[in-house]
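Worksheet for the structure shown next.
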Amino acid sequence: MSHDPEPLTARLRLDRKLLPRRLLVVSNRLPYQIRIAGDEVTLERGLGGLVTAMDPVMRSTGGLWFGWTGSHHPVPSSIQVAERMGGGVSYELRPLELSQTEVSRYYLGYANKAIWPLFHYFQEHCEFNDEDWESYCSVNRKFASKVVSEYRDGDYVWIHDYHLMLVPAMIRRDLPDADIGFFLHIPFPPPELFQIAHNADDIIEGLLGADLIGFHTPSNARNFVRTVATMTELPYSVSGGWLRKDGRRVKVGDFPISIDCDHFERMASRPGIDDEVRAIRDNYRAEVLAIGVDRLDYTKGILKRLNAIEIMLARHPDIQGKFTFIQLSAPSRTKVSAYRSLRGKIEQMVGHINGRFGGKGCLPVDYRYEGHAQEELVAYYRAADAALVTPLRDGMNLVAKEYVISQIDGNGCLVLSQFAGASRELTHAIQVNPYHAESLAEGIYRAITMSVTERRSRMARMRQIVRNNDINWWVEHFLRAQRDAVRHRDNQPQ
Ligand code: ADQ
């Protein structure tokens, strides 16, 4: 029985020749929250970059998605997302359950208090301890065994992200000839930083079980090869993007992730959206609206963004009373103390800015601590004259691409951190260094006062770039590299 939460309106336009017989996606969380009431199973799509990118892929290719349910309630061992898709393929979830200790040690502990901050260059937030690490190892083993138990010849195993970096080698041990890819959704730091992890050797060993290891940007890929070169004696080529491990060649490459542009454009032009956009603008009564959309995370630079808005309002009294910044923050990792304290600081700062500049017309900052449906988000994107995407460090940042593609009338301006992976492609954004408050403030001011001609020309270039390199392109680019990696797996280096 299918539990498809939304009709299969359209599929990605993928080159069928590249598709494996069956795709096995492995990630920490399943893409859907599973709710059970009596006999009824309902699915609610999760939030976050990995799901936004990979769910449309699985809807098009079919296959199995292995992941943690995100709760402690028992669920069926297999759930079908879409009943019948072209070519008889189906998309099924394979839930894994984790104990409370595993959640607190593997997920909240090692993954989110050690690896997440370290890989985003926040070494002061890192907490390393042996119990968390042991739990990380045993949960990785749990994932690997589950995949191995369902694996059939011809399957392609695609492992995602920093929670599961040991899984490639664990699967390789049991299935020496399996095709295995790994994609890291967050940055990979330089060797000097990476070696702070006391289990750095094991992580490298784990990743090298894959045939292909993908990163968002060339500099992340280079950091990885340089790290392996620093820590091991393995043969490698930084420029060729390969390493050699146990007689196997491991390919390393950059694959800038993207979004399903057709889906976002459809949402941005759906019937009734013009009324929603007008209602948002009428509600705020501001001449200029800017927006920020993030999971509430210290890497996203929300505090520095708010600080820059305060500086901008103080320096440019002409826009006081005419400008509103809407910050939509989705709750995230609320059990980690760094996230809880960040929430308190943001709320305090919003109150301070509104106290200082409010009462002169419109509200300076509207802060909402909640997740929004994608359709609603797109209405906000369309209503906003500018989007402020100013992370302190970010693998890619899909919000930047979603904003650009939602500007179907060619308007809008993007302020983008130079430390987001997206800044490599979106060179026509106003690029800023979020660590420098004054230039961030001026970047925002420049965006909201830019001439219509310049704004439209920059937006047209960015829309074209995102359209050319959309999620179809990303999947194909990765699968093509995987096919080549497997072909050359046993080749001696030139
Ligand atoms: P994230 O850190 O989650 O992803 P991002 O790429 O911006 O960051 O993706 C966030 C997703 O969540 C977007 O699709 C966005 O629309 C959605 N979202 C955010 N706030 C929301 C809100 N308030 N309401 C509703 N939806 C909201 C990780 C990496 C990124 C990388 C992606 C994909 O950290 O660098 O781009 O994976 O690889």
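As a basis for the values below, the full set of heavy atoms in this structure was taken, side chains included, without hydrogen atoms, waters or symmetry mates. In listed order, ligands and their atoms are each counted from 1.
- For the ligand labelled ligand 1, residue Tyr162 lies outside the 4.0 Å heavy-atom shell.
- Here the protein heavy atom with the shortest distance to atom 36 (O) of ligand 1 is Asn397 N, 2.9 Å.
- From the protein, the heavy atom lying nearest to atom 17 (C) of ligand 1 is Leu47 CD2, 4.2 Å.
- Aromatic ring centroids of Phe215 and Phe255 lie 6.0 Å or more apart.
- Using a 3.5 Å distance cut-off with no hydrogens or angles, the side chains of Tyr32 and Glu44 do not pair a donor with an acceptor.
- For ligand 1, the atoms sitting less than 4.0 Å from at least one non-hydrogen atom of Val399 are 7 (O), 15 (C), numbered in the order shown with element in parentheses.
- With respect to atom 16 (O) of ligand 1, the closest heavy atom belonging to the protein is Glu402 OE1, 2.6 Å.
- Geometrically, Arg333 engages Trp116 in a cation-pi contact defined by less than 6.0 Å to the ring centre and at most 45° from the axis.
- Under the 6.0 Å distance and 45° angle rule, Arg343 counts as a cation-pi partner of Tyr369.
- Lys300 counts as a contact of ligand 1, since one of its heavy atoms falls under 4.0 Å from the ligand.
- Below 4.0 Å from some heavy atom of His216 lie the following atoms of ligand 1, by number and element: 31 (C), 38 (O).
- Residue contact check: Gly371 has heavy atoms under 4.0 Å from atoms 24 (N) of ligand 1.
- Between Phe183 and Trp474, a ring centre-to-centre spacing shorter than 6.0 Å is recorded.
- Classification of Arg305 and Glu310 as a salt-bridged pair fails, no side-chain N sitting under 4.0 Å from a carboxylate O.
- Near Val293, the atoms of ligand 1 lying under 4.0 angstrom from a non-hydrogen atom of the residue are 19 (C), 20 (N), 21 (C).
- Under a 4.0 Å heavy-atom criterion, Glu370 is in contact with ligand 1.
- In summary, the atoms of ligand 1 found under 4.0 Å from a heavy atom of Trp116, numbered by their order in the structure, are 34 (O).
- Residue contacts with ligand 1 for Tyr369 are absent, since no atom lies close enough (heavy atoms, distance under 4.0 Å).
- Ranking protein heavy atoms by distance to atom 5 (P) of ligand 1, first place goes to Leu398 N, 3.6 Å.
- Taking every heavy atom of Asp294 and a limit of under 4.0 angstrom, the matching atoms of ligand 1 come to 19 (C), 20 (N).
- Looking only at heavy atoms of the protein, atom 24 (N) of ligand 1 is closest to His372 N, 2.9 Å.
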